[in-house]
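See structure below.
Keep in mind that what you see is a predicted model, and the values were worked out from it rather than measured.
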Amino acid sequence: MGLNQLIQKCSNNDTQAQSELYQLFSSKLFSLCLKYCKNYAEAEDNLQDSFVTIFNKISQYNHKGSFEGWIKRITINTALQRYRKQGVFEIIDESNIEDVELTVEEDDISIDFLLQIIQELPDRYRLVFNLYVLDGFSHKDIAEMLSITTGTSKSNLARARKILKDRIEEYKMSLNSQSL
């Protein structure tokens, strides 16, 4: 069965088609959930909530643009909605934003360590970092998605980069002291 036919059947509440669609996209969407959620359990909840929304709104998909992009956007918005409700974002004065350059050489640290320290960032910093750096959203888009100002988005990104830079430097120093 083709994707368009599967989408049509899902919009008619065909549970078999919904199960197929879930099987087709659940692993990709779960990976996305892990990026935006604090832990595995929260990511599972977010995946479940995302599919509920996808199935409820699937008839609104207009076949313009990729379906996968459409469901990824729903999944990201579902995760972000939790944080908007919790009020984890503070309004920041844009005049005191200091951008931090963060560059990582492939041989310096493992991808697992990098993913771990990104996951350990405070929610507001992790969300903005992921949206901007990993998913390529603009500060304007992030501000709209999170109901914050563009200055807050920029500040949270700068602070996330600073924390990551500090953690990477600490990690490198500990490696150097072990090799002495």
Side-chain angles (χ1 to χ4, degrees), residues 22-51 66 68-69 71-90 92 94 96-180:
Y22 180 88
Q23 293 302 318
L24 190 61
F25 291 106
S26 61
S27 63
K28 285 182 184 178
L29 295 183
F30 186 68
S31 295
L32 189 61
C33 291
L34 284 171
K35 247 185 354 185
Y36 290 97
C37 298
K38 291 180 197 173
N39 54 47
Y40 196 87
E42 188 178 291
E44 288 177 324
D45 290 345
N46 192 71
L47 181 67
Q48 178 72 24
D49 293 345
S50 297
F51 269 104
S66 91
E68 187 172 332
I71 63 175
K72 282 181 176 180
R73 184 74 174 219
I74 287 173
T75 304
I76 291 170
N77 283 333
T78 301
L80 298 181
Q81 185 145 8
R82 289 179 194 263
Y83 294 106
R84 281 193 296 263
K85 287 179 182 175
Q86 295 171 2
V88 298
F89 296 98
E90 58 192 57
I92 303 295
E94 292 183 43
N96 62 7
I97 299 172
E98 182 182 325
D99 198 18
V100 175
E101 187 65 32
L102 177 65
T103 55
V104 178
E105 297 296 322
E106 280 185 48
D107 297 337
D108 287 349
I109 60 170
S110 72
I111 191 72
D112 290 337
F113 176 73
L114 188 57
L115 291 173
Q116 175 191 336
I117 62 174
I118 291 170
Q119 199 65 25
E120 292 171 354
L121 286 169
D123 294 337
R124 62 185 176 267
Y125 302 153
R126 185 184 73 250
L127 293 173
V128 172
F129 182 86
N130 285 339
L131 288 166
Y132 188 84
V133 175
L134 302 179
D135 291 323
F137 288 98
S138 69
H139 284 296
K140 182 178 183 247
D141 290 339
I142 294 168
E144 289 173 14
M145 293 167 80
L146 300 176
S147 301
I148 59 176
T149 66
T150 56
T152 300
S153 177
K154 290 175 182 178
S155 173
N156 286 340
L157 177 63
R159 290 177 182 185
R161 285 180 170 161
K162 172 84 170 99
I163 291 168
L164 293 173
K165 183 178 180 180
D166 291 347
R167 291 287 314 274
I168 290 168
E169 287 174 1
E170 287 171 15
Y171 178 75
K172 286 180 183 179
M173 286 175 49
S174 72
L175 287 179
N176 289 339
S177 66
Q178 289 176 3
S179 63
L180 293 177

**Message:** Quick check: closest heavy atoms across Lys38 and Arg126, and the distance to 0.1 Å?
**Reply:** N-NH2, 3.7 Å

**Asked** At what distance, to the nearest 0.5 angstrom, does NE2 of His139 lie from OH of Tyr132?
**Response** 4.0 Å

**Request:** Return the minimal non-hydrogen interatomic distance between Ile163 and Pro122, and the atom names on each side.
**Result:** CD1-CD, 4.2 Å

**Message:** Quick check against the 3.5 Å criterion: does Asp141 have a side-chain atom that pairs as donor or acceptor with the backbone of Phe137?
**Reply:** no

**Item:** NZ-CD1 distance between Lys165 and Ile117, expressed to the nearest 0.5 angstrom
**Value:** 13.0 Å

**Rounded distance [0.5 Å steps], OG in Ser26 versus CD1 in Ile71** = 9.5 Å

**Request:** In sequence, state the C-alpha distance, the side-chain angles, and the governing distance for Leu131 and Leu80, and then conclude on side chain to side chain contact (heavy atoms under 4.5 Å, CB included).
**Result:** CA-CA 10 Å; Leu131 288 166; Leu80 298 181; 3.9 Å; yes

**Request:** Return the minimal non-hydrogen interatomic distance between Ala43 and Leu34, and the atom names on each side.
**Result:** CB-CD2, 3.6 Å

**Item:** Ile148 versus Ile142, closest heavy-atom pair with distance
**Value:** CG1-O, 4.4 Å

**Prompt:** Is there a side chain to side chain contact (heavy atoms under 4.5 Å, CB included) between Thr75 and Asp49 once you walk through the steps?
**Reply:** CA-CA 8 Å; Thr75 304; Asp49 293 345; over 6 Å; no

**Complete:** Distance col, row Leu164:CG vs Ile118:CD1, nearest 0.5 angstrom, shows 6.0 Å

**Asked** Taking atom OG of Ser153 and atom CG of Asn156, what is their separation to the nearest 0.5 Å?
**Response** 7.0 Å

**Prompt:** Which atom names give the shortest non-hydrogen contact between Tyr36 and Glu42, and what distance separates them?
**Reply:** O-OE2, 4.5 Å

**Message:** Please find the pair of heavy atoms, one from Cys33 and one from Leu47, that lie closest to each other, and give the distance.
**Reply:** SG-N, 3.7 Å

**Request:** Considering only NZ, NE, NH1 and NH2 on the basic side and carboxylate oxygens on the acidic side, decide whether Asp135 and Lys72 come within less than 4.0 Å.
**Result:** no

**Request:** Using a cut-off of 6.0 Å, state whether more than 12 heavy atoms not belonging to Gln48 lie near its atom CD.
**Result:** no

**Message:** Whether the Thr149 and Thr152 side chains hold a donor-acceptor pair (N or O, under 3.5 Å, no angle test) is what I'd like checked.
**Reply:** yes

**Request:** Check for a donor-acceptor pair, side chain of Ser147 on one end and backbone N or O of Ala143 on the other, with a separation under 3.5 Å.
**Result:** no

**Message:** Is the distance between the ring centroids of Phe51 and Phe30 under 6.0 Å?
**Reply:** no

**Asked** Just how far is it from atom CG of Asp166 to atom CZ of Arg161, taken to the nearest 0.5 Å?
**Response** 14.0 Å

